[in-house]
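What you see is a predicted model; the values in this text were computed from it and never measured. Side chains are part of it too, since the values below use all heavy atoms of this structure and drop only hydrogens, waters and symmetry mates. Every chain is numbered from 1 and lettered A, B, ... according to where its sequence line falls, protein lines coming before strand lines.
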Amino acid sequence: MPELPEVEIVKRSLQKSVYLRKILKVKVNNRNLRYKVDKNFEKKLKGKKILNISRKAKYITISLDNYTFFCIHLGMSGTLHIVKNKFENKKTNLSFYHSPVLGKKHNHLIFYFKDFKIIYNDPRRFGFIKIFENKRTFNNYFSRNGCEPLSKNLNLEYLKKKLNLSKKNIKNVLLDQKIISGIGNIYASEILFHSKIRPNRLVNSLNQKEISNIIISTKFILNKAIRKGGSSIRDFKNSDGNTGSFQNEFKVYNKEKENCPNSSCKNKIKKLNISNRSTFYCNICQK
DNA sequence: CCGTTAACCTGAGAGC
DNA sequence: TGCTCTCAGGTTAACG
């Protein structure tokens with residue numbers, strides 16, 4: 001579900017509440033996430049202080065005061081909720097899943113702090129939590145990721161090299177986390193509309209200018225989405241009122257048969273199925 | 001090696 | 001109302 005901008009927003013909110021705070025206790029209600037939660041997870045986190053909260057691609061990463069690390073991936077439907085002890089009913093939802101009602105039965109993990117707790121809820125259980133014993137295993141795990149799209153590492157030289165000899169289409173390349181890590185299905189369509197390139201274009205047909213435009217659009221769209229607080233689809237509103245608003249800025253995603261947002265274009269948005277993912281584009285504005 | 005497909009899950013919404 | 005079907009923001013093992 002959440003792509004880079006949403007994970008970034010969740011990370012920022014988390015940071016405000018848990019930075020330098022001690023985890024009093026962890027309760028695991030269901031270990032069967034995408035991967036089984038480490039059987040000693042509770043023991044390893046108990047009493048540890050949180051030294052840093054960060055984001056790598058779509059992962060939230062947390063470092064503890066005993067040189068261990070863990071990461072949270074929200075999958076398609078994972079959400080985090082901050083619940084203050086004094087206001088049990090007033091949850092702060094730090095996520096973007098579309099359902100306004102999240103059954104308690106999907107509260108798989110609970111992190112207890114002095115005056116609040118953080119709940120990990122995930123109906124589909126595509127998310128996961130992984131613990132690392134040291135910095136080396138932590139870094140090693142993330143070394144398989146491609147570059148961060150908002151870093152200087154995503155540049156013309158890097159992408160040209162990655163696209164060289166590839167036989168894939170550009171949509172699949174944008175979704176390939178080993179090339180660029182953090183873009184998901186919504187932003188891939190939005191980025192390609194912004195760069196005026198059709199999603200099914202084979203990358204070996206792209207010229208240097210087009211590759212450059214894709215890089216510019218990637219950074220532009222992701223940064224704008226972060227500024228807007230991420231995307232919350234299907235009218236999801238969190239109880240804190242901090243709903244993201246980038247869904248109002250979608251130009252093509254989920255807009256099949258609607259008018260192309262380019263006012264001089266009278267075309268309707270088309271929907272394509274690429275590798276079993278819905279893809280939206282304008283076949284006049286995008287070449 | 002490469003690129004594609006199937007699989008992992010639950011729940012919402014559409015159509016009948 | 002309820003049944004069936006499709007779809008959903010992700011990742012990756014298995015396959016050809």
* Pairing of DNA chain C as dot-bracket, 5' to 3': ( ) intra-strand, [ ] crossing, | other strand, . unpaired, with Watson-Crick or G-U pairs under 3.5 Å? -> .|||||||.|||||||
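When the C1' atom of dT11(C) is taken as reference, atom NZ of Lys178(A) falls 9 Å away, rounded to whole Å. If you measure from atom CG of Asn254(A) to atom C1' of dC7(C), you get 10 Å, rounded to the nearest angstrom. Between the CD atom of Glu3(A) and the P atom of dG9(C) there is a distance of 8 Å, rounded to whole Å. With rounding to whole Å, Asn32(A) atom CG is found 14 Å from dT10(B) atom C1'. Rounded to a whole Å, the NE2 atom of His73(A) is 12 Å from the C1' atom of dT12(C). Atom C1' of nucleotide dT11(C) and atom CD1 of Ile180(A) are separated by 17 Å, given to the nearest angstrom. Rounded to a whole Å, the CG atom of Leu174(A) is 16 Å from the C1' atom of dG10(C). When rounded to the nearest whole Å, the span between CG of Asn145(A) and C1' of dT12(C) equals 13 Å.
In this structure, a donor-acceptor pair under 3.5 Å is absent between the side chains of Asn107(A) and Asn29(A). For the residue pair Lys36(A) and Asn32(A), a side-chain donor N or O sits within less than 3.5 Å of a side-chain acceptor on the partner. Counting only N and O atoms by type, the side chains of Asn185(A) and Lys171(A) include a donor and acceptor under 3.5 Å apart. Checking Asn52(A) against Ser54(A) by side-chain atom types alone, no donor-acceptor pair falls below 3.5 Å. For the residue pair Glu256(A) and Tyr281(A), no side-chain donor N or O sits within less than 3.5 Å of a side-chain acceptor on the partner.
The environment of Lys11(A) atom NZ is dense: over 12 non-hydrogen atoms of other residues, nucleotides or ligands sit within 6.0 angstrom. Annotation: Lys168(A), atom NZ; neighbour count of heavy atoms from other residues, nucleotides and ligands within 6.0 Å is above 12.
The side chain of Arg125(A) contributes no N or O atom lying less than 4.0 Å from OP1 or OP2 of dG10(C). Contact annotation: Gln177(A) does not reach the phosphate of dG10(C) (side-chain N/O to OP1 or OP2, under 4.0 Å). At dT10(B), none of the side-chain N or O atoms of His106(A) fall inside 4.0 Å of OP1 or OP2 (strictly under the cut-off). The shortest distance between the side-chain N/O atoms of Ser278(A) and the OP1/OP2 oxygens of dA8(C) is below 4.0 Å.
Looking at heavy-atom distances under 4.0 Å, Arg144(A) makes contact with sugar-phosphate atoms alone, never a base. In this structure, Phe246(A) reaches neither bases nor backbone, as no heavy-atom distance under 4.0 Å exists between it and the strands shown.
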Might you list the N or O atoms of the protein lying below 3.5 Å from N or O atoms in nucleotides 1-8 of chain B, with each pair's distance?
unit_1	atom_1	unit_2	atom_2	d
dG3(B)	OP1	Lys167(A)	N	3.0

Table of protein N/O atoms under 3.5 Å from nucleotides 4-6 of chain C N/O atoms:
none

Exercise answer: donor-acceptor pairs, residues 19-28 of chain A side-chain atoms, under 3.5 Å, sequence neighbours excluded:
unit_1	atom_1	unit_2	atom_2	d
Arg21(A)	NH2	Asp115(A)	OD1	3.1

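A distance below 6.0 Å separates the ring centres of Phe246(A) and Tyr187(A).
dT12(C) sits 24 Å from dG11(B) when the P atoms are compared, rounded to a whole Å. Between dA6(B) and dT6(C), the distance separating the two P atoms is 14 Å to the nearest Å.
Shortest non-hydrogen contact noted between Cys260(A) and Ile269(A) is CA-CD1, 3.8 Å. Closest of all the heavy-atom pairs between Phe132(A) and Phe70(A) is CD1-CA, 4.2 Å.
Each of Ile274(A), Leu192(A), Ile211(A) was scored for a side-chain contact (heavy atoms from CB on, under 4.5 Å) with Ile170(A), with one residue passing: Leu192(A).
Of the candidate nucleotides dT10(B), dT11(C), dA8(C), dA8(C) has the atom lying nearest to any side-chain atom of Tyr253(A). Considering only the side chain of Lys105(A), dG11(B) comes nearest among dG10(C), dG11(B), dT12(C). Checked against dT11(C), dG9(C), dT10(B), the side chain of Asn185(A) finds its nearest nucleotide in dG9(C).
Under the side chain to side chain contact (heavy atoms under 4.5 Å, CB included) criterion, Asn40(A) pairs with Asp38(A), Lys43(A), Lys44(A), not counting sequence neighbours.
Residue Ile119(A) holds its CD1 atom at 9.0 Å from OG1 of Thr79(A), rounded to the nearest 0.5 Å. We find the CD1-CD1 distance between Ile60(A) and Ile53(A) to be 8.5 Å, quoted to the nearest 0.5 Å.
For the segment residues 187-208 of chain A, the set of residues with a heavy atom within less than 4.0 Å of an atom of DNA chain C is empty.
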